[in-house]
Number of protein chains: 2
Amino acid sequence: MRTLRAGASRLPAQIQVVRTGAGGTTRPAAIGPAPRDAIVVGECVAEMDRLPAGSVDLVFADPPYNLQLENALSRPDQSLVDAVDDDWDKFVDFAEYDAFTRAWLAAARRVMKPNATIVVIGSYHNIFRVGSILQDLGFWILNDIVWRKTNPMPNFRGRRFTNAHETMIWAARGQDAKGYTFNYEALKAGNDDCQARSDWLLPICTGGERLKDKAGRKTHPTQKPEALLARVLIAASNAGDLVLDPFFGSGTTGAVARRLRRSYIGIERDPSYAAAARARIAAVEPLDDEAVAIAPTRRNEQRIAFASLVETGVVAAGERVFDARRRHCALVRADGTLAAGPAIGSIHKIGALVQGLPACNGWAFWHVERGGDLTSIDVFRADARASLREAAGL
Amino acid sequence: MRTLRAGASRLPAQIQVVRTGAGGTTRPAAIGPAPRDAIVVGECVAEMDRLPAGSVDLVFADPPYNLQLENALSRPDQSLVDAVDDDWDKFVDFAEYDAFTRAWLAAARRVMKPNATIVVIGSYHNIFRVGSILQDLGFWILNDIVWRKTNPMPNFRGRRFTNAHETMIWAARGQDAKGYTFNYEALKAGNDDCQARSDWLLPICTGGERLKDKAGRKTHPTQKPEALLARVLIAASNAGDLVLDPFFGSGTTGAVARRLRRSYIGIERDPSYAAAARARIAAVEPLDDEAVAIAPTRRNEQRIAFASLVETGVVAAGERVFDARRRHCALVRADGTLAAGPAIGSIHKIGALVQGLPACNGWAFWHVERGGDLTSIDVFRADARASLREAAGL
DNA sequence: GCCAAATTTGAATCGATAG
DNA sequence: ACTATCGATTCAAATTTGG
């Protein structure tokens, strides 16, 4: 349970709902600056075509699964399973589903920034079509991610394995897009300092989180858990980023985006879903900046030159550096290079040379003698960074 | 360890190796009764075309994955990863891979009995192509099954999630094939009387099971674990059934089939792989008829990430954690890290930092306020474990 | 011989930047 | 588009080496 704090009740005035004309048929034009924190009622391809190219940082899509249910399914006690039988999940054949998929993925790709990524969730009914078309359109798959459900619906007929997972495909806009957002360090720190895997274990959406009408019927048949979206947004976006969800449904993406201080655009063709999403998001309290700011990573830390350690005397010119087991050693020169026999070069080059390797991280490899023990030169780099931060008033 | 029993040492006289003419180009004809317990050296499409239609009970296929590796990958210690760079995994583009896939799947479909099923394993590189083509050819997908690896290769660059699983697609010959084999009760009985799920946790193939040459080099780059094949054969075939593997490789399918008293046909185009498979299978001791039952693995999967407690709201992002005597405190961030002043890191790292210690068990150290009192976060971890066990039906 | 420590390895579409 | 440089990056399990 989340409790309200001071300021919690302020309304999200920035939430807008844009409506297409009745019928919601194709209607291009628009292409101003992309709206932020908006729900658009309309067809997703037409509405994406109205957004400016290269404007969103992340796409999360939960498209129709193209379930092929021919008969009603009943439980062993003869009660009826409330299956997905909505019009939006009816496709005549694979060709039609493929054409639909190609259209919305192409539209999504246009509005993605060059370094944006896309996450599409699906089941075996549709995910192979989606994955193939993603590849055909030039997307570059980064991972397929398995959402393992702690509490899946059992297989009542006993003719298959319990369908206990869904699959997400995470893809960059293209093979050359190397600068995509992946908050590796944050995910690792949140996972007992162990790198995050491609299989995620999470419960399905139930209980108080599941939207229901007054009669207790679920508002949307495939509402995704907020925990799933939270992990997606934390992994592949930063605070302030713009997240597009072309199949907004009950608005889980918007609710989590607002809580994590991302902006969102949700496109939904059913006005009643859009209304439910709007009310839901309005009740969300964004987290404090501090709770969602990007964790600093080693990648974006201040660079320290080994030469500056020598200049300041932290490591003395003329002393010797060793590897952790004293199998190799080298001489520190006044200009911040090392000498090993006739060879002179950077801490990395000489580290690689003495080991006969193509490369080496000299910061991790070399140590100096302090009080009889060996101390990694990386310790002195960390000290230098700390004093730099202090000097900067942090 | 399997011990030899009376009659155990009889040689598998029925193992035959059939060879195509040199070059192994297309060579139809044949179509007598299907061979049993045979390894055929040749191209899989041509060799399948020589088998009679409707003759096999199960197809297991581990086709080339179409990896598209451009550069060498080295570990942090500069050792080189032995990547798959074999000729059989070279395709110029997706179109060529698709044509190849369509050809072998169509050939396999012809030789399947009406109620036969097929299992194809792959990774995100190829599985979406395979799944789409299966559907296009009229196969009816029954499940996608996730093989979760207990010991996957880590992601060395920190740019993606650890690729910790592979995907199998299990499909019937067509939508109308209702009489396929699925040993539901056996799987359930072997799984603590709990329905078998679509996610399987198994180690990769290492140790004594991994075939190696005299120099210690692995015989085949992608040898699958026998436990995986055993579960497939137990689930989708019966003793005496004929199992076809068109990409036989090191012969895992044949070895497990022989042990579980199924017959097999293995097609392999590389004579040296076929020879290794033949020797391997000859050493396998078939189980007693009654012993052909299930040995399920339920491994400890108790690891709970602090991030998952935050995602599910058990611990709220934005709240504060304290040590038992409230001498230290930190802020819970949405990604499951803690913030103490400017420092951000895991529960362990920040616990160590605030105490000025080199290490700290964050689970034991940190507490949250609940009803005015402090509760150890380890209590919530224990709760999460308990509900996991419950969800697993234990 | 036994236990501890060190080493090896696995289907991988795995950098950024300056010049 | 290319090269050279800097320096960032790993988990589980089996096997080998050392004490």
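Bear in mind that the values here come from a model prediction, so they are computed numbers and not experimental data. Letters A, B, ... mirror the listed sequences (proteins, then strands); counts begin at 1.
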Of the listed nucleotides dG10(C), dT9(C), dG15(C), the one nearest the side chain of D82(B):
dG10(C)

Please state how far atom NE2 in H165(B) lies from atom C1' in dC11(D), giving the value in whole angstrom units.
17 Å

Begin from the C-alpha positions of D378(A) and R381(A) and carry the test salt bridge (charged side-chain N to carboxylate O under 4.0 Å, His left out) through to its verdict.
CA-CA 5 Å; D378(A) 213 19; R381(A) 179 168 70 158; 2.8 Å; yes

Do D82(B) and K218(B) sit within salt-bridge range, that is, some charged N less than 4.0 Å from a carboxylate O?
yes

So what does N163(B) hit on the nucleic acid, given a heavy-atom distance under 4.0 Å: a base, only sugar-phosphate, or nothing?
sugar-phosphate

Which nucleotide wins on minimum distance to the side chain of T150(B), given the candidates dA13(D), dT9(D), dG10(C)?
dA13(D)

W363(A) or R197(A): which one's nearest nucleotide on DNA chain D is closer to the 5' end?
W363(A)

Classify E209(B) by what it touches in the nucleic acid, base, sugar-phosphate, or nothing, heavy-atom distance under 4.0 Å.
nothing

Using a strict cut-off of less than 4.0 Å between a Lys/Arg side-chain nitrogen and an Asp/Glu carboxylate oxygen, indicate whether R75(B) and D77(B) qualify as a salt bridge.
no

Ring centroid separation F161(B) to W170(A) under 6.0 Å
yes

Counting any heavy atom closer than 4.0 Å, what does A72(B) reach on the DNA or RNA strands: base, sugar-phosphate only, or nothing?
base

Measure the distance from CG on N155(B) to P on dA12(D) and round it to the nearest whole Å.
14 Å

Per atom distances to the N151(B) side chain, the nearest of dA12(D), dC14(C), dA11(C) is dA12(D)

From the candidates dA11(C), dT10(D), dA12(C), the one with an atom nearest any side-chain atom of D62(B) is dA11(C)

For nucleotides 14-19 of chain D, give me every protein contact, N/O to N/O, under 3.5 Å, one pair per line with atom names.
{"from": "dT15(D)", "atom 1": "OP1", "to": "G208(B)", "atom 2": "N", "distance (Å)": "3.4"}

Using a heavy-atom cut-off of 4.0 Å across all strands, would you classify L142(A) as base, sugar-phosphate, or nothing?
nothing

Nucleotide nearest P154(B) when distance is taken to its side chain, options dG10(C), dA16(C), dA11(C):
dG10(C)

Pairwise C1' distance for dT7(C) and dT10(D), with rounding to whole Å
14 Å

Considering heavy-atom distances to DNA chain D, does R381(A) or Q195(A) have its closest nucleotide positioned more toward the 5' end?
R381(A)

Between D199(A) and H165(A), do the side chains contain a donor N or O and an acceptor N or O under 3.5 Å apart?
no

When the C1' atoms of dG18(D) and dG1(C) are compared, how many Å lie between them, rounded to an integer?
14 Å

Mind calculating the distance between CE (M153(B)) and P (dG10(C)) to the nearest angstrom?
8 Å

With R160(B) as the cation and Y180(A) as the aromatic partner, state whether NZ or CZ is under 6.0 Å from the six-membered ring centre and within 45° of the axis.
no

Assign C194(A) to base, sugar-phosphate, or nothing according to its heavy-atom contacts below 4.0 angstrom with the strands shown.
sugar-phosphate

When pairs are called at under 3.5 Å and a stem needs at least three consecutive Watson-Crick or G-U pairs, the stems of DNA chain D are C:2-10 with D:11-19, C:15-19 with D:2-6

Distance, nearest 0.5 Å, that separates CD1 of I141(B) from CD1 of I169(B):
5.0 Å

With the side chain defined as heavy atoms from C-beta on, V81(B) is closest, among dA12(C), dA11(C), dC11(D), to dA12(C)

Taking atom types as modelled, find out whether T252(B) and R280(B) have a side-chain donor-acceptor pair closer than 3.5 angstrom.
yes

Nucleotide dT10(D), atom C1' - distance to NZ of K188(A) in whole Å
7 Å

When we call it a touch if two heavy atoms are under 4.0 Å apart, what does A364(A) touch: a base, just sugar-phosphate, or nothing?
nothing

Between CZ of F91(B) and P of dA11(C) the distance, given in whole Å, is 18 Å

CA sep, side-chain torsions, deciding dist, call: F306(A), W366(A), ring-ring contact (aromatic ring centres under 6.0 Å, His included):
CA-CA 11 Å; F306(A) 183 66; W366(A) 293 113; 9.3 Å; no

Return the nearest nucleotide to the side chain of Q78(B); candidates are dA8(D), dA11(C), dA12(C).
dA8(D)

Run through L331(A), V368(A), L374(A), I347(A) and flag the one making a side chain to side chain contact (heavy atoms under 4.5 Å, CB included) with V321(A).
V368(A)

At under 4.0 Å between heavy atoms, what does W147(B) touch on the DNA or RNA strands: base, sugar-phosphate, or nothing?
nothing

Does the pair F365(A) and V354(A) meet the rule for a side-chain contact (heavy atoms from CB on, under 4.5 Å), with working shown?
CA-CA 11 Å; F365(A) 183 70; V354(A) 298; 4.0 Å; yes

Test your reading of the model: is there a side-chain donor-acceptor pair from R197(A) to the backbone of K149(B), 3.5 Å cut-off?
yes

Please write out each protein N/O paired with an N/O of nucleotides 4-6 of chain D under 3.5 Å, distance rounded to 0.1 Å.
{"from": "dC6(D)", "atom 1": "O3'", "to": "R303(A)", "atom 2": "NH2", "distance (Å)": "3.1"}

Expressed in angstrom and rounded to an integer, what is the separation of R148(B) atom CZ from dA12(D) atom P?
13 Å

Could you work out the separation of dC14(C) and dA18(C) based on their P atoms and round it to a whole Å?
23 Å

Would you say a side-chain N or O of Y180(A) is under 4.0 Å from OP1 or OP2 of dA16(C)?
no

Mind checking P63(B) for me? I need base, sugar-phosphate or nothing, with any heavy atom below 4.0 Å counting as a touch.
base

State, without any angle test, whether S123(B) and H125(B) hold a side-chain donor-acceptor pair at a distance under 3.5 Å.
yes

Kindly assign one of parallel, tilted or perpendicular to the pair Y273(B) and H220(B), based on the angle between their ring planes and the thresholds 30° and 60°.
tilted

Between dG15(C), dA12(C), dA13(D), which one does the side chain of K178(A) approach most closely?
dG15(C)

Roughly how many Å is it from NE2 in H220(B) to C1' in dG10(C), rounded to a whole number?
15 Å

Starting the side chain at C-beta, find the nucleotide from dA12(C), dC14(C), dA11(C) nearest to F156(B).
dC14(C)

For atom CD of Q223(B) and atom P of dA11(C), their distance in whole Å:
9 Å

Upstream residue (5' side of DNA chain C) when K218(B) and W140(A) are each assigned their closest nucleotide:
K218(B)

